[in-house]
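What you see below is based on every heavy atom in this structure, not just the backbone, and it leaves out hydrogens, waters and symmetry mates.
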Amino acid sequence: MSRMQIKDIVNPAWTRLEGGFTLPAGTGLYDVRPEDIPLGVERFRAVDGEGSCVGVGSARRLRTALEIRRKIPLAPMLDELTDAVVAVDMNGVIFYVNPAYAQLLNVPVGAVLGQNMFDIEAGATLLKTLQSGQAITKDGVLIESVQHYVQIKTFPLEAEGRMLGAASIFRDTTEFNQLSMELERASQMAAEYNRQIEAQTLLKQSNIIGECRPFLSSVVKATAVAATDATVLLRGESGTGKEVFARLIHQNSARKDKPFIAVNCAAIPESLIESELFGYEEGSFTGARRGGQLGKFQLAEGGTLFLDEIGDMPYPMQAKLLRVLQEGEIEKVGRQRSIKVDVRLVAGTNRPLEQMLEEGQFRQDLFYRLNVVPIVIPPLRERGRDVVLLAAHYLDRYNKKYHKSVRLTEEGYRLLLRYSWPGNIRELQNILESCVVLCSRECILPEDLPSSIRQQGKRRVLEAEVSDAALPARLEEAVAQCEERVIRAALKSCQNNRQAAAERLGVSRRTFYRKVQQYQIPLD
């Protein structure tokens, strides 16, 4: 644009009424000279291609900016760069931007010129260089307004030995950052896939059935901790297979050639639990066996002791167990001297230990000693197709045991999938053994299954039909409803343990609490 064209675009009516002149959007700075700006005007405005005003600025500041720009002979070359460039004077006033900058920030050149960077972005790296006189380089900076990642290089502008301002060069690295993030996600997915493959291989070797993701995640965690001597707390409903996990940990540990001893704390009378765990000396009480008896800790020497249903351990006994964990020694009933023991402890519970802590039913210090590595085992109703795999496995086992060859019909499998399994795997195992024993045909029909399974299956079909008829009008509503149900179910299955629920869902604690607040889900 020539000098004459610049004069021609001055709008006399706007100048007369507003005291300013018009600068078209997209005008290159090398087309404008300070003397092109009328001396009597106070402001200028920038317009877009349709003549709409897109920015207003100080004419005096613009004139000063252009005068400074004259001292930077490289400005015409900068206009041709594909990297974005912006420059400010010593007061932070923007006196130069190139077309690439306007394109990157999606803002007209004329709307930026003469603006003060302190007003636009007080924390800009460019202003730090302006204040310090030092060049700065930053990578991976996100410009939130346009969601672009850039590499920034800022440097001071100097002429004749004095600093005139500062400039920034932006290189758009959005595609590179997105590629890096995609590669990172792919790497994480590959790592997760490899862990699940390893878990499935381990399950086959250990004769454990399951392929659902939450279950495999628990297996991966169990195998990872097996290589250490860390205390493990297995949490899950009754019948989910806590002892199976305890054996899995033992078999993959350095103690695998030593004993594995399992104890159900809920099955031992309170008066006998101390002698069962620690043993007793001859004559220590009426009826004591001649020669005394070794306790479970001594029987598990060098190996693993699994204390199932630890939440049912009497409160006074909890203090003695804590001492064993802290000191690594036991005191047999009727013996004054302590005995050193080397045992790896794995505990299991289906009780809400956090609630028991608040009610004074479980020792806090013992809880933290046991809860070094918590592993949540998902209930059968949350394991999806694993029900079918387990059912086929147990059918095969009991067919061999009772010399039969019965099978389950397709409708029978559907009923098993719809059932909630309050007794988990143990209930499935018992039902299938009963069916194999009692069935006189080749197929187990739906009527051969317990009435509770048949009735719940029919009820869920009806609920699904009603649900389909009353689907939310919007997809986001359906997603929100599903999210809320899943979060509530996770909290319930984890006995309201927030951290365990977040781990079960595979989300961060921050995301978990944000969703809980969004759906107003009570945590108490």
Check this for me: does any side-chain nitrogen of one of R323 and E329 sit under 4.0 Å from a carboxylate oxygen of the other? yes

When you check the side-chain N and O atoms of N496 and Q355, is any donor under 3.5 Å from an acceptor? no

Ring-ring centroid check F245 F215, cutoff 6.0 Å: yes

How far apart are the closest heavy atoms of L157 and A87, and which atoms are they? CD1-CB, 4.0 Å

Salt bridge check, R255 against D229: does any charged N sit closer than 4.0 Å to a carboxylate O? yes

Can you tell me how far the CG atom of L325 sits from the CG atom of L370, to the nearest 0.5 Å? 6.0 Å

Locate the shortest heavy-atom distance separating G311 from R351; write the atom from each residue and the value. O-NH1, 3.7 Å

Exercise: do E237 and N350 side chains pair donor with acceptor under 3.5 Å: no

Could you check whether any side-chain heavy atom of Q318 comes within less than 4.5 Å of a side-chain heavy atom of L321, counting everything from C-beta outward? no

What I want to find out is whether E309 reaches R235 closely enough, with some N-O distance under 4.0 Å, to be called a salt bridge. no

Do N424 side-chain atoms and L380 backbone N/O form a donor-acceptor pair below 3.5 Å? yes

Atom pair CD1 (I375) and OG (S218), whose distance is rounded to the nearest 0.5 Å: 7.0 Å

